[in-house]
Student: 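Following this message is one structure expressed as structure tokens.
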Number of protein chains: 2
Amino acid sequence: MSGKKSPNGSRSDQEGTTEARRAPMREFSRSLPMSLLRAREAVMRQFRPSLRNHGLTEQQWRILRALTAVDTIEVTELARVAFLLGPSLSRILRDLEARDLIERRTAKADLRRGEVSISSKGLKLIEAVAPTSEAIYAEITHRFGARKLAELQDMLGELERSLAAMEVAGEGEAEADE
Amino acid sequence: MSGKKSPNGSRSDQEGTTEARRAPMREFSRSLPMSLLRAREAVMRQFRPSLRNHGLTEQQWRILRALTAVDTIEVTELARVAFLLGPSLSRILRDLEARDLIERRTAKADLRRGEVSISSKGLKLIEAVAPTSEAIYAEITHRFGARKLAELQDMLGELERSLAAMEVAGEGEAEADE
DNA sequence: GAAATTTGTTTAACATGTTAAGTTATTCGA
DNA sequence: TCGAATAACTTAACATGTTAAACAAATTTC
């Protein structure tokens, strides 16, 4: 029966069980990391089903998308563009290569470097997914408002730049503990 | 060393007017999901070292933080508040319980439900981490601007609400393809 | 009131995030 | 030129994200 519905949408009085909240900081659900996480999840929730129908994860899609913009690209550069850590990228590339969605070779000038490019099969896949993705993106833009969307992206970029200079704090805080 | 820089360095191309319809979509580095991802990562990068020094991951911290706001809470509610999926929460609770940072019992009214609360050891840990976390948050607020931060959070919340009604599209799109 | 269904939670399986360590290739310095 | 740094990945190990399935307790049906 579950008399109390717990929809993620309503924000009337959740945050607890009407019990006594003791500690401060209970705004936590409004913290910046949580806001960003929820917003991103709300967006990605729209795309995941379509990607999944094509056998792609979000990260795999990011990689293929990035590859369509270039002829070939080095692994490190690809990691930067697709915003993936090296180890993640390494695993995903192994998988994408096994599925013949990408092609790899080693640079002759520097045998350490790997060069990646999308295959024709990968391109076909992109072309199959792109229409739906763009339609979803257009719908999101429409619902939220193109102007507001641009404004939001500006603010996000500014936030990034604000924190870029902020060298990670708390480094030598409790090193002696362990 | 390759003389040419990243292929996505130029960002002053067309945006709203040209409306690329068959090109590899837009810059992709400017896509909303990527913007949100990078912004969130920029924020979390500030917190992770401190949390790590205390043996906590971001998600573990979210759970303990949420628990400080209530006396006890049911697992499902906790998942909603801490924005974690059931399986993730289940694993983390197992770990936190083994470390005596939380306490669990089953509700007597409904034996399916589990009730969770923070332990005194968990509270101590929170109190040890909180000062640094709050200092970092304050620094972020200062750098980005308190007013802009509030505005950003408003927009993020609005984005969430805009997409809440948008039932996931692309469900039965290419099921027969593969 | 037993079977079917639903609900709350956990397990399982696979993919990615994250940090550390390992490999191989390149560069640098005495 | 030889060996110690460095650089570009890749592997390893552990934690979480994500979906599906399992499970047990509660609710609904007939």
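Worth knowing before you read on, the calculation uses all heavy atoms, side chains too, and leaves out hydrogens, waters and symmetry mates. Residue numbers start from 1 in every chain, and the chains themselves are labelled A, B, ... in the order their sequence lines are given, proteins ahead of strands.
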Student: How many whole angstroms separate atom CZ of B:R45 from atom C1' of C:dT19?
Tutor: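 Distance, rounded to whole Å: 14 Å.
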
Student: Rounded to the nearest angstrom, tell me the gap between atom CZ in A:R52 and atom P in D:dG17.
Tutor: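 My rounded result for the distance is 17 Å.
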
Student: Name every residue in residues 82-94 of chain A that has at least one heavy atom under 4.0 Å from any atom of DNA chain C, in order of residue number, or write none if there are no such residues.
Tutor: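 Heavy-atom cutoff 4.0 Å gives A:L84, A:L85, A:P87, A:S88, A:R91, A:I92.
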
Student: Rounded to whole Å, how long is the line connecting atom CG of B:L78 with atom C1' of C:dG8?
Tutor: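 Atom CG in B:L78 sits about 14 Å away from atom C1' in C:dG8.
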
Student: Whole angstroms only, please: what is the CG-P distance between A:D95 and C:dA15?
Tutor: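 So the CG-P distance, A:D95 to C:dA15, works out to 7 Å.
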
Student: Want to settle it: does B:R104 or A:T57 sit nearer the 5' end of DNA chain C, counting the closest nucleotide to each?
Tutor: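 Here B:R104 is the residue nearer the 5' end.
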
Student: Once side chain to side chain donor-acceptor pair (under 3.5 Å) is applied, do any residues pair with B:D100, and if so which ones, sequence neighbours excluded?
Tutor: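 B:D100 satisfies side chain to side chain donor-acceptor pair (under 3.5 Å) with no residue once adjacent residues are dropped.
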
Student: To the nearest Å, give me how far apart CG (B:L51) and P (D:dA15) are.
Tutor: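 My rounded result for the distance is 15 Å.
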
Student: I'd like to check the side chain to side chain donor-acceptor pair (under 3.5 Å) partners of A:S88; sequence neighbours left out, ordered by chain and number.
Tutor: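 Residues passing side chain to side chain donor-acceptor pair (under 3.5 Å) with A:S88: A:R91.
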
Student: Using heavy atoms to find the nearest nucleotide of DNA chain D for A:E58 and A:V75 separately, return the residue whose nucleotide is more 5′.
Tutor: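 Nearer the 5' end of the strand: A:V75.
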
Student: Could B:E127 and B:K124 be called an ion pair, given the rule that one side-chain N must be under 4.0 Å from one carboxylate O?
Tutor: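 So B:E127 does not pair with B:K124 through a salt bridge.
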
Student: It should be established whether A:R113 places a side-chain nitrogen or oxygen under 4.0 Å from OP1 or OP2 of nucleotide D:dA7.
Tutor: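 Result: no.
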
Student: Grab the CD-C1' distance between A:E41 and D:dT19 for me, whole Å please.
Tutor: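 So the two atoms are 13 Å apart, to the nearest Å.
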
Student: Which protein N or O atoms sit under 3.5 Å from an N or O of nucleotides 25-29 of chain C?
Tutor:
| unit_1 | atom_1 | unit_2 | atom_2 | d |
| --- | --- | --- | --- | --- |
| C:dT26 | OP1 | A:L111 | N | 3.0 |

Student: According to side-chain contact (heavy atoms from CB on, under 4.5 Å), who are the partners of B:Q59, at least two apart in sequence or on a separate chain?
Tutor: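 For B:Q59 the side-chain contact (heavy atoms from CB on, under 4.5 Å) partners, ignoring immediate neighbours, are B:T57, B:R62, B:L84, B:I92.
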
Student: Which residues satisfy the side-chain contact (heavy atoms from CB on, under 4.5 Å) test with B:R48, sequence neighbours excluded?
Tutor: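 B:R48: side-chain contact (heavy atoms from CB on, under 4.5 Å) contacts with B:E41, B:M44, B:E58.
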
Student: Run the side-chain contact (heavy atoms from CB on, under 4.5 Å) test against A:S117 and tell me which residues pass, sequence neighbours left out.
Tutor: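 If we apply the side-chain contact (heavy atoms from CB on, under 4.5 Å) test to A:S117, skipping adjacent residues, the hits are A:T72, A:E103, A:R105.
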
Student: Measure from CD on B:Q60 to C1' on D:dC14 and round the result to the nearest Å.
Tutor: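 Taking CD of B:Q60 and C1' of D:dC14, I get 11 Å after rounding.
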
Student: Of all residues at least two apart in sequence or in a different chain, which pass the side-chain contact (heavy atoms from CB on, under 4.5 Å) check with B:A135?
Tutor: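 With neighbours one apart ignored, the set is empty.
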
Student: As an exercise, state the distance from CG of B:L101 to CG of B:L56, rounded to the nearest 0.5 Å.
Tutor: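 Rounded to the nearest 0.5 Å, the CG-CG separation comes out at 7.0 Å.
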
Student: Measuring to OP1 and OP2 of D:dG17, would you say a side-chain N or O of B:Q59 lies under 4.0 angstrom away?
Tutor: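 True: B:Q59 side-chain N/O within range (under 4.0 Å) of D:dG17 OP1/OP2.
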
Student: Starting at atom CH2 of A:W61, determine the distance to atom C1' of C:dT16, rounded to an integer number of angstrom.
Tutor: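 Distance check: A:W61 CH2 to C:dT16 C1' gives 19 Å.
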
Student: Tell me, please, which residues at least two apart from A:K148 pass side chain to side chain donor-acceptor pair (under 3.5 Å).
Tutor: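 If we apply the side chain to side chain donor-acceptor pair (under 3.5 Å) test to A:K148, skipping adjacent residues, the hits are B:E158.
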
